Amino acid sequence: MLAYARTRLDSFLICVRTDRLRSMFKKILVANRGEIAMRIIRACRELNIATAAIYSEADSTGIYVKKADESYLVGPGPVKGFLDSKQIVNLATRIGADAIHPGYGFLSENADFAELCQASDVTFIGPSTHAITLMGSKVKARELAESVGVPIVPGTDGAITSVKDALAFTKKTGYPVMIKASAGGGGRGLRVVRSDAELQENMEVAAREAQASFGDGSVFIEKYIERPHHIEFQILGDRHGNIIHLGERDCSIQRRHQKLIEIAPSLILTPELREEMGRAAITIARAVNYDNAGTVEFLLDQEGKFYFIEMNPRLQVEHTVTEQITAIDIVRNQIKSAAGLPLSIQQQDVILQGHAIQCRINAEDPQNNFLPCTGTVTAYLSPGGIGVRIDGAVYKGYTISPYYDALLAKLTVRGRTWEEAVSRMRRSLEEYMIRGLKTTIPFLETIMQEPDFIAGRFDTSYLDTHPDLYSYPKFEQPEDLVLALSAAIAAYEGL
Ligand code: MV4
């Protein structure tokens with residue numbers, strides 16, 4: 001009898017909670033596109049919250065446009081609409097959307113946009129403008145980390161304005177050093193220099209580039225950590241002062257800061273180091289009263305020492321690997337925290353189970369310097385089975401345009417062990433069929449068969465130190481060869 005009463009009470013509480021959520025947000029405007037728009041729409045549907053998508057003319061065939069309850073054309077052109085704060089907030093107000101989810105990229109780290117949302121009484125689903133602003137300055141983020149006792153890379157005190165100051169720093173620490181744009185991020189505005197001459201050559205260029213790219217020419221210098229692991233901790237906060245971490249992701253397999261493969265958990269963190277780095281991540285988040293989802297980035301050097309480098313005040317592409325090993329829905333928690341609800345999980349509820357790997361299925365040709373590829377998908381079949389997740393927005397007949405990033409889909413697998421996860425990813429990539437344009441699938445398949453990767457022996461130098469990865473067969477399928485030969489014959493015959 002008691003068990004039955006308990007079940008009835010649980011069902012009642014679920015209804016109340018969902019109703020409360022529904023009463024919190026009636027409609028969310030998804031201010032993004034592609035796979036992350038799909039991801040947000042899915043979370044909203046599970047919370048019974050209506051969704052409004054925005055799209056450009058170049059994107060009108062996007063599957064997320066079809067899946068949203070409403071969709072609105074923004075512009076002009078393929079990108080400007082997604083970056084037009086006023087147009088988006090005015091639309092939200094006009095259609096009765098009481099919240100906006102920015103996804104990642106576009107306006108997701110734009111404090112002015114978050115401010116405009118607030119001023120227009122539309123909830124910005126993300127951290128406070130204070131957190132966005134502070135973490136948008138790598139110099140301020142470093143100062144904050146140092147002030148709360150979290151290790152940072154030895155570097156200059158604040159931004160530097162003269163080569164003289166730069167040389168004074170390198171005289172003390174030696175080379176190599178990294179020149180970083182304070183307003184940069186995600187790998188943009190970074191230069192490694194290994195001598196006084198290189199420093200003098202690059203300082204002014206770095207400042208000019210930073211001014212042109214970010215509207216802020218401030219640069220600072222850090223000691224360059226050779227061949228680090230790039231480890232980031234997922235943070236979840238709410239508006240009641242609760243902050244937890246959901247473990248780490250190892251994002252070391254990148255090419256020029258473009259992440260290709262992410263894994264969770266890291267294969268090299270000991271439980272003690274995970275505990276220490278997790279505590280450091282929460283310390284930094286607490287110092288800015290962090291109240292939504294965010295990621296604290298560290299470098300781990302070859303001696304096992306870690307250093308804070310930056311915090312990303314937004315949802316990340318690679319959040320899926322964390323979700324797969326914790327069974328915690330990060331986007332759902334973002335929405336609930338932004339709606340003012342307290343976190344429903346505490347740190348002790350976060351259990352990391354198994355291993356997850358995410359591969360980015362990009363419309364790029366790794367054998368041609370990752371040149372972005374466009375074209376129409378002539379055949380599409382995604383993998384499935386136990387522990388396989390696809391976050392994507394591609395289907396047969398979809399045309400990939402040159403206006404957006406090359407991400408077609410994210411393939412995430414989970415296994416009880418690392419070996420199981422690798423074999424599952426290998427099998428899933430074999431199964432994944434996208435025809436009509438080149439993708440990173442064959443390149444990723446090669447990595448899944450590479451001994452160092454399988455053994456977990458990789459750091460940020462992996463792609464540079466394994467050139468054989470690029471020598472997979474040029475034509476993945478016979479029809480690719482036929483297409484290429486037909487094109488060659490046609491060109492020869494001057495057709
Ligand atoms: C570094 C570093 C080595 N030493 N800083 C900065 C942006 C972040 N997303 C990665 N960043 C790095 N900062 C110091 N002092 C190495 C990285 C880094 C990286 C740098 C160049 C090329 C690829 C990289 C991949 C991960 C981390």
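Whatever order the structure lists ligands and atoms in, that order sets their numbers, starting from 1. This is a predicted model, so every value here is computed, not measured.
If you number the atoms of ligand 1 from 1 as listed, the ones under 4.0 Å from a heavy atom of M178 come out as 1 (C), 2 (C), 5 (N), 13 (N), 14 (C), 20 (C). Every atom of ligand 1 is numbered from 1 in the order shown, and the set under 4.0 Å from a heavy atom of E297 is 8 (C), 9 (N).
Of the candidates I225, L299, T460, D459, it is L299 that places a heavy atom closest to atom 2 (C) of ligand 1.
A side-chain donor-acceptor contact under 3.5 Å links Y175 and T170.
Only the side chain of V153 comes within 4.0 Å of ligand 1, counting heavy atoms alone; its backbone N, CA, C and O stay farther away. Of the heavy atoms in V192, none comes closer than 4.0 Å to ligand 1. When heavy-atom distances to ligand 1 are checked against a 4.0 Å cut-off, K223 comes that close only through its backbone atoms N, CA, C and O.
Using a 4.0 angstrom heavy-atom cutoff, E226 does not count as in contact with ligand 1. The closest approach between K180 and ligand 1 falls below 4.0 Å for a heavy atom of the residue.
Checked against a 3.5 angstrom limit, the closest N/O atoms of E222 and ligand 1 fall inside it. Distances between N or O atoms of Y224 and those of ligand 1 include no value under 3.5 Å. The shortest N or O to N or O distance between Q254 and ligand 1 is not under 3.5 Å.
With sequence neighbours excluded, the residues satisfying side-chain contact (heavy atoms from CB on, under 4.5 Å) with D459 are R227, H229, Q302, S461. Residues satisfying the salt bridge (Lys or Arg N to Asp or Glu O under 4.0 Å) test with E209, not counting sequence neighbours, are R191.
By the 6.0 Å contact criterion, CG on D157 is open, its count of non-hydrogen atoms from other residues, nucleotides or ligands being 12 or less.
Between R208 and E204, none of the side-chain N atoms (NZ, or NE/NH1/NH2) sits under 4.0 Å from a carboxylate O, so this pair counts as no salt bridge. The pair E318-K410 does not meet the salt-bridge criterion, since no charged nitrogen lies less than 4.0 angstrom from a carboxylate oxygen. The pair E232-K259 meets the salt-bridge criterion, with a side-chain N (NZ, NE, NH1 or NH2) lying under 4.0 Å from an Asp/Glu carboxylate O. Note on E275 versus R279: salt bridge recorded, some NZ/NE/NH1/NH2 to OD/OE distance being below 4.0 Å.
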